[in-house]
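Encoded as structure tokens, the structure appears first; notes follow it.
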Amino acid sequence: MQAITQQDLLSLEDYERRRKEIQERIQAHKAERRLDLDDHISLFFEDRDTMWYQVQEMARAERLYKPEELQDELDVYNPLIPDGSNLKATMMIQYDDREERMARLAELVGIEHRLWVRVDGHDKVYAYADEDLDRSTPDKTSTVHFMRFELEPEMVRDWKGGSPVHVGIDHDKRQLEVTVPQRLHEKLANDFD
């Protein structure tokens with residue numbers, strides 16, 4: 001996928017005029033790219049559209065319009081776009097009750113390094129987590145992590161050829177595995193183009 005440039009961005013005024021329609025479209029797009037691993041852990045697979053939206057929302061929130069300000073945002077969000085050999089995802093850990101959330105985050109320290117993707121017939125590929133900055137402490141993990149999964153060409157070939165794909169976690173306190181549903185499987189296969 002191509003990086004986002006300043007020429008791809010709408011002006012603050014144009015974005016504001018079209019924001020409701022864009023939000024509805026992007027929210028539907030994000031929903032199609034979501035994988036729930038259990039009731040509390042979800043992956044949101046990022047792409048050019050989701051990152052374009054993030055940049056537009058940041059520009060709107062911070063009233064950014066100067067080229068250097070916009071470029072700073074692009075420099076933050078462009079690395080979160082898949083580049084043909086990988087998938088990029090945001091992992092969210094969500095518990096509504098604050099006390100339970102704090103207890104689970106303490107229990108799940110290091111979970112971001114135990115998340116994997118496996119194409120049938122291949123080994124697990126563990127995620128590179130939070131490459132921009134460490135979001136965990138020795139006492140607790142964060143509720144949000146940015147993940148990158150680097151796949152070998154043979155894995156990409158087999159994924160695009162329809163081989164089943166599984167996502168899981170190998171953590172002392174959380175062991176799980178799910179099969180990527182067909183519709184999401186096909187959408188993510190396009191991220192390798």
Next on the checklist: Take a 6.0 Å sphere around CD of Q27 and say whether it holds more than 12 heavy atoms from other residues, nucleotides or ligands.
Outcome noted: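 Counting neighbours around CD of Q27, more than 12 heavy atoms of other residues, nucleotides or ligands fall under 6.0 Å, so yes.
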Checklist entry - Has D97 got more than 12 heavy atoms of other residues, nucleotides or ligands less than 6.0 Å from its CG? => result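 Correct, the count exceeds 12.
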Next on the checklist: So if I apply the side-chain contact (heavy atoms from CB on, under 4.5 Å) rule between V165 and each of M155, R118, H185, which one comes out positive?
Outcome noted: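 Option passing the side-chain contact (heavy atoms from CB on, under 4.5 Å) with V165: H185.
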Please tell me whether [X] and [Y] are part of a single hydrophobic cluster in this structure, the criterion being side-chain heavy atoms less than 4.5 Å apart.
X: Y95; Y: M102; result: no
X: W116; Y: L176; result: no
X: L151; Y: Y126; result: no
X: M91; Y: V178; result: yes

Item to check | Steps toward side-chain contact (heavy atoms from CB on, under 4.5 Å) verdict (R19, E57) | outcome: CA-CA 9 Å; R19 185 171 183 244; E57 281 292 304; 2.9 Å; yes
Donor-acceptor contact present, side-chain [X] to main-chain [Y], <3.5 Å:
X: N78; Y: D75; result: no
X: S11; Y: D14; result: yes
X: K88; Y: I81; result: yes
X: Q56; Y: L10; result: yes
X: Q6; Y: P67; result: yes

Rounded to the nearest 0.5 Å, what separation is found between the [atom1] atom of [X] and the [atom2] atom of [Y]?
X: Q23; Y: Y15; atom1: CD; atom2: OH; result: 5.5 Å
X: D170; Y: Q175; atom1: CG; atom2: CD; result: 5.0 Å
X: D47; Y: R33; atom1: CG; atom2: CZ; result: 4.0 Å
X: D72; Y: L64; atom1: CG; atom2: CG; result: 8.5 Å
X: I4; Y: E73; atom1: CD1; atom2: CD; result: 11.0 Å
X: T179; Y: L184; atom1: OG1; atom2: CG; result: 11.5 Å

Item to check | Verdict with reasoning, T141 to E112, per side-chain hydrogen bond (donor to acceptor under 3.5 Å, both in side chains) | outcome: CA-CA 8 Å; T141 192; E112 65 273 19; 2.9 Å; yes
Do [X] and [Y] come close enough that some side-chain heavy atom pair is under 4.5 Å?
X: L115; Y: L37; value: yes
X: L87; Y: W159; value: yes
X: R174; Y: D38; value: yes
X: H122; Y: E152; value: no

Checklist entry - Salt bridge between E107 and R104, side-chain N to carboxylate O under 4.0 Å? => result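 Yes, E107 and R104 are salt-bridged.
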List the atom of [X], the atom of [Y], and the distance in Å for their closest heavy-atom pair.
X: F44; Y: M92; answer: CE1-CG, 3.4 Å
X: S142; Y: L105; answer: O-CD2, 3.9 Å
X: R48; Y: A3; answer: NH2-O, 3.4 Å
X: T50; Y: H29; answer: CG2-CD2, 3.8 Å
X: L12; Y: A59; answer: CD2-O, 3.5 Å

Item to check | Test side-chain contact (heavy atoms from CB on, under 4.5 Å) applied to K160 and V156, step by step | outcome: CA-CA 6 Å; K160 293 177 91 167; V156 171; 3.8 Å; yes
Next on the checklist: I need the full list of ring-ring contact (aromatic ring centres under 6.0 Å, His included) pairs touching residues 48-83, with sequence neighbours left out, sorted by first then second residue.
Outcome noted: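 Residue pairs with at least one partner in residues 48-83: there are none.
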Item to check | Contacts of type salt bridge (Lys or Arg N to Asp or Glu O under 4.0 Å), residue R60, not counting sequence neighbours | outcome: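 E16.
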Checklist entry - Checking side-chain contact (heavy atoms from CB on, under 4.5 Å) for the pair D120/D158: CA distance, chi angles, key distance, verdict? => result CA-CA 8 Å; D120 267 8; D158 290 350; over 6 Å; no
